There are 2 protein chains.
Amino acid sequence: MIQPRPRTIPEATVARLAVYLRVLTSLADGGRTTVSSGELASAAGVNPAGLRKDLSHLGSCGVRGVGYDVRALRERIARVLGAERSRACVLVGIGNLGAALADYAGFGSRGFHFVGLFDASPARVGQSIGGLTVQSMAELEATVTATDASIGVIATPADVAQQVCDRLTGAGVRSILNFAPVTLVAPAGVDVRPVDLSVELQVLAFLGQQRAVPAEEVTA
Amino acid sequence: MIQPRPRTIPEATVARLAVYLRVLTSLADGGRTTVSSGELASAAGVNPAGLRKDLSHLGSCGVRGVGYDVRALRERIARVLGAERSRACVLVGIGNLGAALADYAGFGSRGFHFVGLFDASPARVGQSIGGLTVQSMAELEATVTATDASIGVIATPADVAQQVCDRLTGAGVRSILNFAPVTLVAPAGVDVRPVDLSVELQVLAFLGQQRAVPAEEVTA
DNA sequence: AGCCGCTTGTGAACGCAGGAACAAAGTCGC
DNA sequence: GCGACTTTGTTCCTGCGTTCACAAGCGGCT
């Protein structure tokens, strides 16, 4: 049996598809109706051949000699990514970063919305951010269950992140975005995606230093 | 001529080295003096063999039969990553996210410190965040030059991010961490590292959806 | 002093992602 | 109506990253 669209799309491709989706939305807002692979690749910062290969994972959608229909392609990528309907997320840890995430308008337009904000500090509980009221940690499980949230975002200090992760997974959350600078362990079947801002900076600094002294010795 | 330590360390390895550094610091604070590759790999969430290969890029530093000396390894990784002395960074865009970054204590302990905060809004200019005063955009180039900042962080709205990038690179910044949801174009020799929170969420959502319906058809 | 167990470091194989080149296909101009 | 050009979709190939597996080396015990 031939399955023309294998169920496995490489993770790197998925990340790029999300970028293409963003670029296509921008193009559609600008009134563009069609776009070529070269132009789209340039706007996304990737190789044109790679872009076509990425798009081939979701079936032929372009017209040879013309390019891709902006709206059709956008809708197709959105469907594959599951971004057509908004997903419910809960956010734990309303510090500076958590508050910024809760108030970030970009999520709503990209298929995500928060249904619960939680913090351990009584001073934070009751505050209103981005249209939601911060709840106490005691209400975490009940809210996750009631809203059927499938994604949890952890923006707590490092020392409580694992505990929060355990509670989230215990309540049924299957996907976790972790901003705390610790490596979380989660049960099988739960995806944890770490986002460590310090790591990003350190990689950046290393690349810059490597470029600056490509042949010099690291005095050991 | 043999070069025992080739100058090229894979980027994926560099990112993991930063994680090892974090774990080692935590272990050292806990009083541990030695650690095995298996234990360290478990704490970092990677494969033990891969960890040893990563460490082999910076020369043999372990003792067979015993493991690695926590402090020595930590210092060695810090030296290779260039984290022994703090690097000067400037941050542009003091919205919710920018303010959170400026106030994030984690950077200071990991070898980074901000020497300038900038925002276009007069309402923001003059505010004090994390010990620094927000400056107007007009002072950007002068501050970059005076402080010799090598890293720029962009946390502005998408529509001005490219313009900010141009000004930063024009002033001599060679490394840029971009939180704006656009693909930046920069001159050759400048590293741009995008961090798109929506993309992270979309990848996470896709993985979860793929796991939920591994064999079901995407109704096209 | 010698043996044993444990751990590192490295070599090889596997799988995957990225890039280039080419054939198919559709449109525009004549 | 037909030819030529443009652009997609695919195939091959090269290189990299990851994993497994084993030899080398060191400490501890008898």
Side-chain angles (χ1 to χ4, degrees), chain A residues 2-20 24 27 32-70 72-74 76-77 80 203 206-207 210 220, chain B residues 2-20 24 27 32-70 72-73 76-77 80 203 207 210 220:
Chain A
I2 303 173
Q3 45 180 4
R5 221 187 285 173
R7 284 294 127 227
T8 62
I9 297 182
E11 189 169 319
T13 293
V14 174
R16 284 190 296 267
L17 285 177
V19 175
Y20 305 155
L24 287 168
L27 286 174
R32 286 291 298 271
T33 57
T34 61
V35 66
S36 70
S37 68
E39 196 172 359
L40 188 54
S42 171
V46 299
N47 187 294
L51 181 139
R52 292 200 296 273
K53 181 171 294 195
D54 287 339
L55 261 47
S56 75
H57 280 117
L58 36 91
S60 292
C61 200
V63 179
R64 300 173 191 235
V66 176
Y68 299 91
D69 182 84
V70 172
L73 183 58
R74 175 167 66 105
R76 189 146 199 176
I77 294 177
V80 170
V203 172
F206 175 81
L207 296 176
Q210 198 178 37
Chain B
I2 303 172
Q3 47 179 5
R5 222 187 284 170
R7 285 293 128 225
T8 60
I9 298 183
E11 189 169 319
T13 293
V14 173
R16 283 190 297 267
L17 284 177
V19 175
Y20 305 155
L24 287 168
L27 286 174
R32 286 290 297 272
T33 57
T34 61
V35 66
S36 70
S37 67
E39 196 173 358
L40 189 55
S42 171
V46 301
N47 186 296
L51 181 139
R52 291 199 297 273
K53 185 168 286 264
D54 287 339
L55 262 46
S56 75
H57 280 117
L58 36 91
S60 291
C61 200
V63 179
R64 299 170 191 241
V66 177
Y68 299 91
D69 182 84
V70 172
L73 183 58
R76 189 146 199 176
I77 294 177
V80 170
V203 172
L207 295 176
Q210 197 179 37

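Note on naming: letters A, B, ... go to the chains in the order of the sequence lines (proteins, then strands), and numbering restarts at 1 for each one. Scope of the values below: all heavy atoms of this structure, side chains included, with no hydrogens, waters or symmetry mates. What you are looking at is a predicted structure, and each value in this text was computed from that prediction instead of being measured.
By the side chain to side chain contact (heavy atoms under 4.5 Å, CB included) test, B:Ala72 is found to be paired with B:Asp69, residues two or more places apart in sequence or in another chain being considered. Applying the side chain to side chain contact (heavy atoms under 4.5 Å, CB included) criterion to B:Ala43, with sequence neighbours excluded, gives B:Val23.
In summary, of the residues considered (A:Leu27, A:Val70, A:Val46), a side-chain contact (heavy atoms from CB on, under 4.5 Å) with A:Leu40 occurs for A:Leu27 alone.
Take the nearest nucleotide of DNA chain C for A:Arg52 and for A:Val63: the residue whose nucleotide is more 5' is A:Arg52. Of the residues near DNA chain D, A:Lys53 and B:Glu11, the one whose nearest nucleotide (by heavy atom distance) lies more toward the 5' end is A:Lys53. Where A:Asp54 and A:Gly65 meet DNA chain C, the nucleotide closest to each residue was compared, and A:Asp54 sits on the side nearer the 5' end.
Proximity of B:Tyr68 to the phosphate of D:dC26: no side-chain N or O atom is located under 4.0 Å from OP1 or OP2. OP1 or OP2 of D:dT18 has at least one side-chain nitrogen or oxygen of B:Arg16 nearer than 4.0 Å. Contact between the side-chain N/O atoms of B:Ser37 and the OP1/OP2 oxygens of C:dT8 is found at a separation under 4.0 Å.
Nucleotide C:dT7 holds its P atom 16 Å from the CG atom of B:Leu55, rounded to whole Å. Going from atom CG of B:Asp69 over to atom P of D:dG27 covers 13 Å, rounded to whole Å. Counting to the nearest Å, the C1' atom of D:dG9 and the CG atom of A:Leu40 are 15 Å from each other. Distance B:Leu51 CG to D:dC20 P: 14 Å, rounded to the nearest Å. The distance between atom CG of A:Leu58 and atom P of D:dT10, rounded to the nearest whole Å, is 11 Å. Separating the CZ atom of A:Arg76 from the P atom of D:dG9 is a distance of 10 Å, rounded to the nearest angstrom. What separates NE2 of B:His57 from C1' of D:dT18 is a distance of 12 Å, to the nearest Å. In this entry the distance linking CG of B:Asn47 with C1' of C:dA13 reads 15 Å, nearest Å.
The base of C:dT8 sits within donor-acceptor range of the side chain of B:Arg64, with an N or O pair under 3.5 Å.
Taking the side chain of A:Ser36 as heavy atoms from C-beta on, and the options D:dT8, C:dA20, C:dT7, the nearest nucleotide is D:dT8.
Note on A:Gly67: only backbone sugar-phosphate atoms sit closer than 4.0 angstrom, heavy atoms only; bases stay farther off.
The closest side-chain heavy-atom distance from A:Glu39 to A:Ser42 is not below 4.5 Å. Under the 4.5 Å side-chain criterion, counting only non-hydrogen atoms from C-beta, B:Leu58 is in contact with B:Leu17.
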